Amino acid sequence: MINYKNELNQGQYEAVVRTESPLLVLAGAGTGKTRVITYRIAYLINEIGIEPERILAVTFTNKAAEEMKHRLRGLVGPASGSVWMGTFHSISLRILRRDGSAVGLKPGFGVIDQDDRMALFREVIKTLKIDHKKYPPKQYMNKISWFKNTPQYVERQIPDAGSFHRIDEVFREYQKRLNEQFLIDFDDMLSLTIRMFEVSEEVRQYYSSMFEHILVDEYQDTNAIQFMFLRLLAGRSGRICVVGDDDQSIYGWRGADIRNILEFDKHFEDVEVVKLTENYRSTADIIARANTLIKNNAMRRGKELTAHLEVEGALEHHSLLNETSEADFVTKMISKYADEGVSYGDMAVLYRTNAQSRNFEVNLNKVGIPYKVVGGTAFYQRREIKDLLSYLRFFDNSFDSVSFSRSLTTPSRGIGTTTIDKVRDFASRNAVSLIEAVKQMFPSFSRNQQEGFRQYVGMMDYLASFTKVSDMVNGVIERTGYKDYVLANESEEEAKKRIENIHELYNASVAFEETSPEGTLTDFLASTSLSTSTDEASGDRVSLMTIHSAKGLEFDTVFLTGLENGLFPLYGSIDEPEQLEEERRLCYVGITRAKRNLYVTCAESRIMYGNRTVSARSYFLEEMGFAKAKASFTPSTRQFDRFQPKARKPMQPQGKEASSNSKAGKKVRHEKFGDGIVISTSGEGASEKAEVFFKNAGGLKKIVTAFLTFVDE
DNA sequence: TGCCGTTTTATTTTT
DNA sequence: TAAAACGGCA
């Protein structure tokens, strides 16, 4: 029996028990967001008597969904399994599997994954005889992916022909091929579901009345069509509860619309709002800095966190000479805390851009501190996994030509692209499956090719002899001899890694059978294309990652690095107020990851884009209340030299660096552009350039220093 | 139209 | 620095 009053604070309690009208829960970092969602679901089931299968809970990542399922199980037991809980995409896919025929989908439709989609675009570009050098397939893919996330696509429009070279044709051809192969892509999952709701009032009504309660996590990250999805299901006055934090909206660049959360009360009727501001994660010092920083944003609903944890820790800012000494410093501190008993897994190094990880890796490696770089290639994207799965994909859907050619050619069977294209062509013209095409064309192949195809078709028949998914996976691994193939073609350590992954794939299939005993091969394949989790090297390791990837995580000790104008906030956002605010929110996210110790660092100079650049301290440092810090850590010259990345130009003498550094932040005047402030400088001598922010002349510009007059205050 | 050398431009990324 | 965009020339 849960005692809601005792186990929740006042705000959380309100957020749990107000179940009758649309509810917006503004949950600051570390204020018990997940707790609210899980308790609310428990409350709905136990106290209100809602059936679990009539509750829909949407998250953004699989990880979040899993975490939530896990915690919900602890509260309500097995009933938790019946709640519809998952990402927008997985929920949509489930709906499409059941009712997709309403938008013309065949029951067993497959989902094309990222790489195969790219391959398909390459084919399309080739067929349409578009110059792939001038117009890279990737651009079409990105533009069309973006387009598919707009209401226009839902309404069956196609991209505007004028917007990009022949994009309408590419779009049509791409769609045609997807249809031919009974495939949908990632973006279709959500868009087609919405289209279906709009096309079929009956289907919409079915789900709308089925889901008596809808809960949404990370609402600040929803985009236009995710909003449509929710509105169609909940209606204007439905029982929808969205939880989010406008101050942690960091995906605007990806289409997330912060107005969804800022204007929630305009989108729904009789909205109630609950603010959660009691933070149980971080020390009071950390919370204070986070608060003063985020106050500088204008686009926010406004709230202030209060610290409720009686723990003290370090909160320091250090300005280092360059990126190497920054890495040195961080490494030393990690060692220090490790000696004090903090486990590596409880420490994280955060940065703005992935390129920054290298210096930390080099240093940690050298000292022998175990670390993991979070955000590498996702498990199911790895080559060996894709190779093996391509057999199963084709077995599952014999129209899938991308999987056909991949599986047919790995390992090589003496059949090349020309033959494959012929088969595809035949299949497409006669509207038969590729297997059928192979059978009909069989006599026309050469002796060698016939042998290759015989083997391949034999493989497919072999797969048909299994019923269990894990047996099929095992069957492919064994019969292709893939492990030997890897051993023969890769270095020993590379092969070892790949073989480990292959075993991991088998494990995943066994785990799949456990969690969904009714699951078919189609379901398993769908789950692999939905999953993007990187199998993070397990064990006790320091995490290195971008702040974006750190969202939702927490660590005892955090190093927030690279606080320099031009890097964080990043170059292009400095003169764009909205973007600068997003950078500031990102910084806020970074700070609030720390539970006990937070170190905020910057470097006076670092190598960026190939040359040493001197940057000014980040605006955010001052906004956080870090006055100009003394250089508190100076590595020995020897270390300094040794870690210097091999630059073409010899290192600038340090004295010079110091002098050019003093220009950053200075006021200057330019004949044409007027007054401005130096952000950073690069180059030296006559070619020395300064990046200057001109208030009245279009913002940031690169100017040769000689054309600038320095103005005294 | 296609190729090659030169110049410009740089994030962040789940599903 | 590396990749993409550009521009000149055949």
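Small disclaimer: the values here were computed from a predicted structure and weren't measured. Sequence lines set the chain letters: A, B, ... in the order given, protein chains first and strands last, and positions in each chain run from 1.
- Nucleotide B:dA10 holds its P atom 15 Å from the CG atom of A:L567, rounded to whole Å.
- The structure places OH of A:Y207 at 11.0 Å from CG of A:L56, a figure rounded to the nearest 0.5 Å.
- Stacking here means ring centres nearer than 5.5 Å and ring planes tilted less than 30 degrees, and by that measure A:Y251 does not stack onto B:dT14.
- Side chains of A:D387 and A:S390: a donor-acceptor N/O pair is absent below 3.5 angstrom, by distance only.
- Here A:Q226 lies out of heavy-atom contact (under 4.0 Å) with every strand.
- Distances were taken from every side-chain heavy atom of A:R254 (C-beta onward) to each of B:dT11, B:dT14, C:dA5; the shortest belongs to B:dT14.
- Residue-level contact check: A:S549 touches the backbone only, with heavy atoms under 4.0 Å from sugar-phosphate atoms and none from bases.
- If you check C:dC9 for Watson-Crick or wobble pairing at under 3.5 angstrom, you find it paired to B:dG2.
- Between the side chain of A:T38 and the backbone N or O of A:T34, at least one donor-acceptor pair lies under 3.5 Å.
- Of the possible polar contacts, one joining the A:N296 side chain to the A:L293 backbone as a donor-acceptor pair under 3.5 Å is found.
- Contact check, A:Q139 against C:dA5: a side-chain N or O comes under 4.0 Å of OP1 or OP2.
- A:N354 has a side-chain polar atom (N or O) that falls below the 4.0 Å cut-off from OP1 or OP2 of B:dT12.
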